[in-house]
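Accompanying notes for the structure given below.
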Amino acid sequence: MAASEFEIIRRYFTPAAPGRDDVITGVGDDAAVLAVPPDHHLVVCMDTLVAGVHFPKETAPAAIGHKALAVNLSDLAAMGAEPAWATLSLTVPETDERWLDQFSRGFLELAECYHVQLVGGDIARGPLSITVQAHGVVPTGTARYRRGARPGDLVCVTGTLGDAGLALKSELPGDSPLRRRLDYPSPRIEAGMALRDYASAMIDVSDGLLADLGHMLEADGLGASIQVDELPRSVDFVAVLGVSGQDDTALACDLPLGAGDDYELCCCIPKRHWPEVQASLASIPCEVTRIGVITETPGIGCYRKDGSPYTPAITGYLHFTGGD
Ligand code: ADP
Ligand code: MG
C-alpha cells in the first residue's frame, strides 16, 4: 500500500475531536478499554457488507461507510440499546485515498450523529469488504428481544416501509429521496429506546417485514394477522408508484411486505400501552403505525380492508400466507 497502514489509521480513522468520557483507551493501543456504566448491560452486534453482494461495487464510498455503521446501529435499536462504541474491520483492494476519505466521512458523520466513538479496528488488503461491530448499553433488564410477544398484542412498525425496495426496483437516481433512503438509512435509535419501555418483542426490518416479523413470531410459536391497507407508505413512495403507472395494488402491498433495507423497527405492543407508545414516539418525533395483531395460530395472514385474504406475490414467503 502507498500510505502505511498506520498512516491510513491516523489520517482517516482517528477521531479528531475529544471523544466519549467512557473511552479509557481507543484507537492506537492493542485493544480498546471501555467503561460500561454501572447497572447496565453491554449489547454487541456485528454485520459485514461485501462489495457486489450487499452493495453494488459503484456505490458512493460515503454511502458504504454510512450504511456499514447504520445497519449495526439498527440492530442495537431493535434491542432498545443506546449506542456507544464501534470497531471497524476494513478490507480494501488498494489504497485509494479519495475512496478512504469519503468512506470514513460517511462512517464518522453517522457516528457523530449518535455520539458513537470509533475505538478500534483492522485494515487488510483483499476484495472490498467492511465489517463493523457496534456496542451499546441498556439499563439492566430493559433490553427487548425477538421473543416475548403475546396473542392479542398489536403489531406496530415505525416510519414507512417499501421505500428502499422501490428505489432498487425503479433504479432511481442518487439524489432522489427514495434512493437516499436506500443508500443512507436512518437507524431508529431514539424510537428503540422509547419502545423498550412498552414493547413485548422487537426486531428491525432489514430483510423485509414478512421475513423479520416471521423471525419474531417463530421465537414464540405465534402468528399474526396483518392489514395490508394499514402498511405505512411514504409520500415519495406513493408518488413514484403513481408516476410509474405500475399495478399499484400488488406493488403498494408487496414492497412494504417483502422488500428489505428500510431499517424500521417492528414491535409487539400490549394494547393497553398503545396510547403511551403514540405519545412517546410523537415526542421524538417518529411515526408509529399499528398494522395488525398477534394470533395464537402460527403463520402470517394478510388481509384487505374488506376482510378478504391478500396473497403477496413474493414467492419466498408464500408458506406464511395460510395463517388467520
Ligand atoms: P495490532 O497489530 O496490535 O492488532 P493494528 O496495527 O492492527 O494493531 O492497529 C493499531 C491500532 O489501530 C489499534 O488500536 C486498532 O484498533 C486501530 N485500528 C486499526 N484499523 C483500524 C480501523 N480501520 N479503524 C479504526 N481503528 C483501527
Ligand atoms: Mg497488538
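Indexing begins at 1, ligand by ligand and atom by atom, following the structure's order.
- Of the listed residues (Asp29, Val27, Ile8), the one carrying the non-hydrogen atom nearest atom 14 (O) of ligand 1 is Asp29.
- In this structure, OG1 on Thr91 lies 9.5 Å from CD1 on Ile123, to the nearest 0.5 angstrom.
- Near Asp30, with a cut-off below 4.0 Å to any heavy atom, the atoms of ligand 1 are 3 (O).
- In this comparison of Gly121, Ala32, Ala124, the heavy atom closest to atom 16 (O) of ligand 1 sits on Gly121.
- Between the side chains of Asp39 and Thr140, not a single donor N or O lies within less than 3.5 Å of an accepting N or O.
- From Glu264, atom CD reaches atom OG1 of Thr160 across 5.5 Å, with rounding to the nearest 0.5 Å.
- Remark: ligand 1 atoms within the under-4.0 Å shell around heavy atoms of Ile9 are 12 (O), 18 (N), 19 (C), 20 (N).
- The salt bridge (Lys or Arg N to Asp or Glu O under 4.0 Å) check on Asp163 picks up Arg181, with sequence neighbours excluded.
- Within the structure, the closest approach of Phe6 to ligand 1 falls below 4.0 Å when heavy atoms are considered.
- In terms of N/O distances under 3.5 Å, ligand 1 is not approached by Val119.
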Please walk me through it: do Lys57 and Leu128 pass side chain to side chain contact (heavy atoms under 4.5 Å, CB included)?
CA-CA 9 Å; Lys57 288 205 169 69; Leu128 181 59; over 6 Å; no

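- Looking at residues two or more places apart in sequence or on another chain, you find a salt bridge (Lys or Arg N to Asp or Glu O under 4.0 Å) between Asp183 and Arg179.
- Near Gly120, meaning under 4.0 Å from one of its heavy atoms, ligand 1 places the atoms 16 (O), 24 (N), 25 (C), 26 (N), 27 (C).
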